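Data first, discussion second: the structure below is written as structure tokens.
Note that the coordinates shown come from a computational prediction; the quantities given were computed from them, not determined experimentally. Throughout, a chain's letter reflects where its sequence line sits, starting with A, and its residues are numbered from 1.
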Amino acid sequence: MTMDYKKTLNLPNTEFPMKGNLAQREPERLKKWNEANLYQKIRETFAGRPQFILHDGPPYANGEIHIGHAVNKVLKDFIVKSKTLSGFDAPYVPGWDCHGLPIELMVEKKIGKAGVKVSPAVFRKACREYAGKQVDIQKEAFIRLGILGDWHNPYLTMDFAFEANIVRSLGKINQKGHITAGAKPVHWCTDCGSALAEAEVEYEDKHSPAIDVRFQVVDEAAFMALCHHAPDYEGRGPLSVVIWTTTPWTLPANQGVALNPELEYVVVQCESERLVVAEALLKDAMLRYDIEHYHVIGYCKGDAWEHQLLQHPFYDRQVPIILGDHVTTDAGTGAVHTAPGHGQDDYVVGQKYGLPVDNPVGADGVFLANTELFAGEHVFTANAHVLAVLESKKKLVHHEAILHSYPHCWRHKTPIIFRATAQWFISMNKNKLREQALDAVKQVEWIPDWGQARIESMLEGRPDWCISRQRTWGVPITFFIHKETRELHPRTPELIEEVAKRIEEKGIEAWFELEKEELLGAEAADYEKMTDTLDVWFDSGVTHACVLEQREQLRSPADLYLEGSDQHRGWFQSSLLASTAMNDVAPYKAVLTHGFTVDKNGEKMSKSKGNVIPPQSVMKNLGADVLRLWIASTDYRSEMRVSDEILERTSDGYRRLRNTARFLLSSINDFNPAVDLVETQDLLALDRWILDRAYALQEEVKTAYETYQFQHIYQKVHHFCVIDLGGFYLDIIKDRQYTAKADGLARRSAQTAMYHVVEALTRWLAPIISYTADEIWQYIPGERSESVFLETWYEGLVKFDEDAVMNREFWQKIMSVRTAISKELEKSRSKGDIGSSLNAELELYCNVEFFDVLNQLSDELRFIFITSQAAVFAEQLAPVEAIQTEVEGLKLVVTISEHKKCVRCWHQRADVGQHEDHEELCARCVENVSGSGEQRHYA
RNA sequence: AGUCUCUUAGCUCAGCUGGUUAGAGCGCUACACUGAUAAUGUAGAGGUCUCCGGUUCAAAUCCGGGAGGGACUACCA
């Protein structure tokens, strides 16, 4: 009997599965997207609309992707997809950075070093193949993440056309007068006769002479005047700053003595002379020099002596005191001999003070012929000679041998040196690049805003950009320089274009194969063809010229660059400098940065710690959508924590979203919007309410997408599903859905609302849980496009009229009353009085305000509370047993219904069994089963 | 070591220009339902807002300092 009535209900029904089974289902959907050529269709659909250009920073083509890659690409995908929903034509062209040392090292492991085991040409070919394979590996993973983009036509910095445009970019920067030739110290193996990369250097212990050397002060009076000392007590004897070094052979290249500006120095009176050392190292030094009798006669902070001149110990040269934070009290005297041509620190600080980069040492490690005193000697054997000279000039305070860690060549196992070599630079100052770049920075929107201060401080402090590398796998610096004058060929712009055309045809190999006679003819004998390659940061730094300006559907400046915060030092800066140097403007209008992924405890992920979470395993276990949802739910501006628990919580959240969508779909299974859609003015009050709620939420969602605050979207949409839908709206309308006449207004009204909601909800979620949203899309009834990604924001939501009687405020009050009643019902339940809330009947005793509000729902109020009866009375009529609820002005009496339960709708009503054909039904159900259907107005 | 940055319940996040007992969802616990069912509903317990000072009638919110995490740079004559 009961079963018969069950068949008269409209129970939810859908094919949309409760379980996502994402690991399996996502790849299937991906295949569909691919077969349907979805990305192209989006381009066609949105062609001609306003553009939004998010330019992809190229990841380095080496290795499997890690979770940081996933974060970056997925955030980009959120933006591209949400911009599309907002009606923009937002193409996404992914790219890869393909040249450079890490790839060389991998290829070396396989086939040996270029120029040693294999020819450079063969080596480059192998690098190209290797990079290509890496691109394929990463590409597949990115696609699997659900990122929509022009995967069939990405940009690779090793594409011939790209390589040619790198060369053209170099030419343009040169024409704009920013290129300079200079010298810079690099790791140099005198046996190889060439520069070594950082990775080719090994550190081993080495014996070196450690010496303390006098640099006599030139103007003693001025020097003493700057330090604190007893008046008229200047001391006696020569006054010298003492430096300590383990590389005596670098003294010929000395151009300064560096002190720490913050450190305290002392002037010490010894037997017949005065010495200057750091106070903290005084005792150590005196002990080392075997000086027992001494006393301090003056104190001074390092910065006071800046620019004071000192006499070089054996050359006719006066060198300044300079200041540097690299000076420490770990060893020595606190005064550092500075030879900009022979040390990284020295070079940097030397640049600041404009010291010459003196390099008296040849490629073979032998002092050049014009080197006074030491010409023709090898640097390491010259050490002894330097000592002898110092000794004879009475400049040597102390000498001993020490054992210390020292860089060695990985091939020869011999000690290497720092040696300044000819390099190419983009000058920060020569043609005001620094100034221009700083100006350009101000035109850009930096998100978060501290990004601006960060890049500004880096620009202010950075040295010239050294763009040359002595490597094999890179874009060549296609310059011809005159053998005598070292000047660039006067026809360089034309020559570069000539070369670029050849590279376009054959790739960078075209340059390496090129015979200079081919381009220079008779002049060839006077010119050198450069073999240096470009820093790979140059490659990626000119993507605006090689991609944005080359592709028809793109443009420069881009609307947005989006990368990890480390790229302030990297790509954001290289791109800014390159673009400013070429076009006087930044290549981007806005820059958005995200933090790094860290573990549960906020610590960084590393293989050694074992706290790495590979995106591949997340996709395999929980699905790409869960990974994407995690990214959306996390505030990416600072560090992003990931752990199993966090992903588990995310997965819970995902299930809720999915189930909400499923219930909506199952409720409109028999709904055909073309014929069943109810006009807004005919909708029931509660149904209008949910449309208003959804409308308001959609506004918030759009704002959050516009401001890139995805975590708000997840929080708010989830909250909407749980509270507004699950806990209120859907809970209430279930009665109407299930028991009203299938085709009556009461039910179609609710279905109309749910239909609108699911249309909107699917779009809100589409940028984030793309697979799931597109899956939902297929189940929504009605004519629709092939994919949710071809859509814009849903426009079927309706805002309340501001003066409507049942407005937002009205329903807010209803909800607060409902919450209060729930609490009271729960008490009855825990006492065992009721189970289902339909066992209960309510008497509400209200003040005027609530009386008016609640009364408007008249006899439909019980549906709101899901009780079998709910009656409203004036507060004054409240009996003594009425309970004061948590809401002021509302008292309540809960009684257990004594009426029979209608087997169909489960309400306990007095009118159950009054109809002789339906003895188990209430009057309402009789009407719905055999009449023309009940009338509802509100709920 | 320097510069920048972050730190609100077990988890993920809100808390605007300082103002009543600091909010939400999840998770947890209990209960209910069995017509969203490996689902759903209801209720409850969870926080010295990283710590220490200061400004103020009043600070999670402003200022100073410390601790811890992260990014970048520097790693040595």
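Atom CG of A:L629 is separated from atom P of B:rC13 by 12 Å (rounded to the nearest Å). Protein atom CG of A:D833 is 13 Å distant from nucleotide atom P of B:rA32, rounded to whole Å. Across the protein-nucleic acid pair, A:I631 atom CD1 and B:rC13 atom P stand 12 Å apart, rounded to whole Å. Between A:N659 atom CG and B:rU37 atom C1' the separation is 10 Å, expressed in whole Å. Atoms CZ (A:F16) and C1' (B:rU37) sit 17 Å apart, rounded to a whole Å. The CD atom of A:E645 sits 10 Å away from the P atom of B:rG10 (whole-angstrom rounding). Taking atom CZ on A:R829 and atom P on B:rU34, their separation rounds to 11 Å, with Å as the unit. Between the CH2 atom of A:W537 and the P atom of B:rU73 there is a distance of 9 Å, rounded to whole Å.
Figure legend. B:rC49 is base-paired to no nucleotide; pairs are counted as Watson-Crick or G-U wobble with both atom distances under 3.5 Å. With a cut-off of 3.5 Å on both Watson-Crick or G-U wobble distances, the partner of B:rC16 is given as none. Base pairing of B:rU7: its partner is B:rA67, meeting the Watson-Crick or G-U wobble criterion (both donor-acceptor distances under 3.5 Å). When both pairing distances are held under 3.5 Å, B:rA39 makes no Watson-Crick or G-U pair with any nucleotide shown. Remark: B:rU21 base-pairs with no nucleotide in the shown strands. Criterion, Watson-Crick or G-U wobble with two distances under 3.5 Å. Across all strands shown, B:rU34 forms no Watson-Crick or G-U wobble pair with both key distances under 3.5 Å. Nucleotide B:rA1 is matched to B:rU73 when pairs are restricted to Watson-Crick or G-U wobble geometry with both distances under 3.5 angstrom. Across every strand in view, B:rA59 sits unpaired, with no contact that passes the Watson-Crick or G-U test at under 3.5 angstrom.
Using modelled atom types, one finds no donor on one side chain facing an acceptor on the other under 3.5 Å when comparing A:Y636 with A:T593. A:S897 and A:N839 form no side-chain donor-acceptor contact under 3.5 Å, judged by distance and modelled atom types alone. A side-chain N or O of A:T250 and one of A:H337 form a donor-acceptor pair less than 3.5 Å apart. With 3.5 Å as the limit, one finds no donor-acceptor pair spanning the side chains of A:D212 and A:H399.
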### Task
Tell me, with the steps shown, if A:D635 and A:R641 meet salt bridge (charged side-chain N to carboxylate O under 4.0 Å, His left out).
CA-CA 10 Å; A:D635 182 355; A:R641 296 190 186 210; over 6 Å; no
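With C1' as the reference atom, B:rG44 and B:rC51 are 32 Å apart, rounded to whole Å. For the P atoms, the distance from B:rC62 to B:rG69 is 24 Å, rounded to whole Å. The gap from the C1' atom of B:rC49 to that of B:rA24 amounts to 15 Å, rounded to the nearest Å. Using P as the reference atom, B:rG47 and B:rA22 are 12 Å apart when rounded to the nearest Å. Look at the P atom in both B:rG15 and B:rC6: the space between them is 14 Å, to the nearest Å. Comparing the same atom, P, in B:rU20 and in B:rC33 gives a spacing of 42 Å after rounding to whole Å. Rounded to a whole angstrom, the distance from the P atom of B:rA9 to that of B:rC13 is 12 Å.
A close approach under 4.0 Å does not occur between any side-chain nitrogen or oxygen of A:H568 and OP1 or OP2 of B:rC4. Between A:K6 and B:rG35 there is a side-chain polar atom (N or O) within less than 4.0 angstrom of OP1 or OP2. Of the side-chain N and O atoms in A:Y714, none sit less than 4.0 angstrom from OP1 or OP2 of B:rC26. For A:T634 and B:rC13, the shortest distance from a side-chain N or O to OP1 or OP2 is below 4.0 Å. Residue A:Q711 places at least one side-chain N or O closer than 4.0 Å to OP1 or OP2 of B:rA14. The phosphate of B:rG44 has OP1 or OP2 within less than 4.0 Å of a side-chain N or O from A:K823. Distances shorter than 4.0 Å separate some side-chain N or O of A:K604 from OP1 or OP2 on B:rA71.
Within 4.0 Å of A:D652, counting heavy atoms only, lie sugar-phosphate atoms of the nucleic acid but no base atom. The residue A:K600 sits apart from the nucleic acid: no heavy atom pair falls under 4.0 Å. If you check every strand for non-hydrogen atoms under 4.0 Å, A:E639 touches a base. Heavy atoms of A:R904 sit under 4.0 angstrom from at least one base atom. Counting non-hydrogen atoms under 4.0 angstrom, A:Q715 reaches a base of the nucleic acid. A:W450 comes within 4.0 angstrom of the backbone, heavy atoms only, and of no base. Within 4.0 Å (heavy atoms only), A:T247 reaches sugar-phosphate atoms of the nucleic acid but no base atom. Counting non-hydrogen atoms under 4.0 angstrom, A:L9 reaches a base of the nucleic acid. Residue contacts shown for A:L825 are absent, as no nucleic acid heavy atom lies under 4.0 Å away. A:S666 comes within contact range of no nucleotide atom at all, as no heavy-atom separation falls under 4.0 Å. Backbone-only contact: A:G727 has heavy atoms under 4.0 Å from sugar-phosphate atoms and none from a base. Within the 4.0 angstrom heavy-atom criterion, no nucleotide atom of any strand lies near A:R655. Base engagement by A:R454 is indicated by at least one non-hydrogen atom pair under 4.0 Å involving a base atom. At a threshold of 4.0 angstrom between heavy atoms, the contacts of A:G595 with the nucleic acid are absent.
Distances were taken from every side-chain heavy atom of A:K734 (C-beta onward) to each of B:rA14, B:rC11, B:rA36; the shortest belongs to B:rA36. The listed nucleotides are B:rG10, B:rC72, B:rG25; the one nearest the side chain of A:R649 is B:rG10. Ranking B:rG70, B:rC6, B:rU42 by closeness to the A:K609 side chain, first place goes to B:rG70. Among B:rU12, B:rG25, B:rA36, the nucleotide with an atom closest to any side-chain atom of A:H719 is B:rG25. Set against B:rA36, B:rC72, B:rG41, the side chain of A:R656 has B:rG41 as its closest nucleotide. When distances run from any side-chain atom of A:F663 to the nucleotides B:rC6, B:rA36, B:rU12, the shortest one goes to B:rA36.
Using a 5.5 Å limit on the distance between ring centres and a 30° limit on the angle between planes, the aromatic ring of A:W906 counts as stacked on the six-membered base ring of B:rG35.
Using cut-offs of 30° and 60° for the angle between ring planes, the A:W571 and A:Y561 rings count as parallel. Between A:Y755 and A:F671, the ring planes lie tilted relative to each other; the angle falls in the 30° to 60° range.
The aromatic ring centres of A:H907 and A:F863 sit less than 6.0 Å apart.
The nearest heavy atom of RNA chain B to A:S565 and to A:L11 marks one nucleotide each, and the one closer to the 5' end goes with A:L11. Residue A:C721 is the one, among A:R569 and A:C721, whose nearest nucleotide of RNA chain B lies closer to the 5' end (criterion: closest heavy atom).
Checking side-chain atoms of A:Y705 against main-chain N and O of A:W764 turns up a donor-acceptor pair under 3.5 Å.
Here B:rG46 is in the syn range [glycosidic angle within 90° of 0].
Salt-bridge annotation for A:D4 and A:R904: absent, with no side-chain N of the basic residue lying under 4.0 Å from a carboxylate O of the acidic one.
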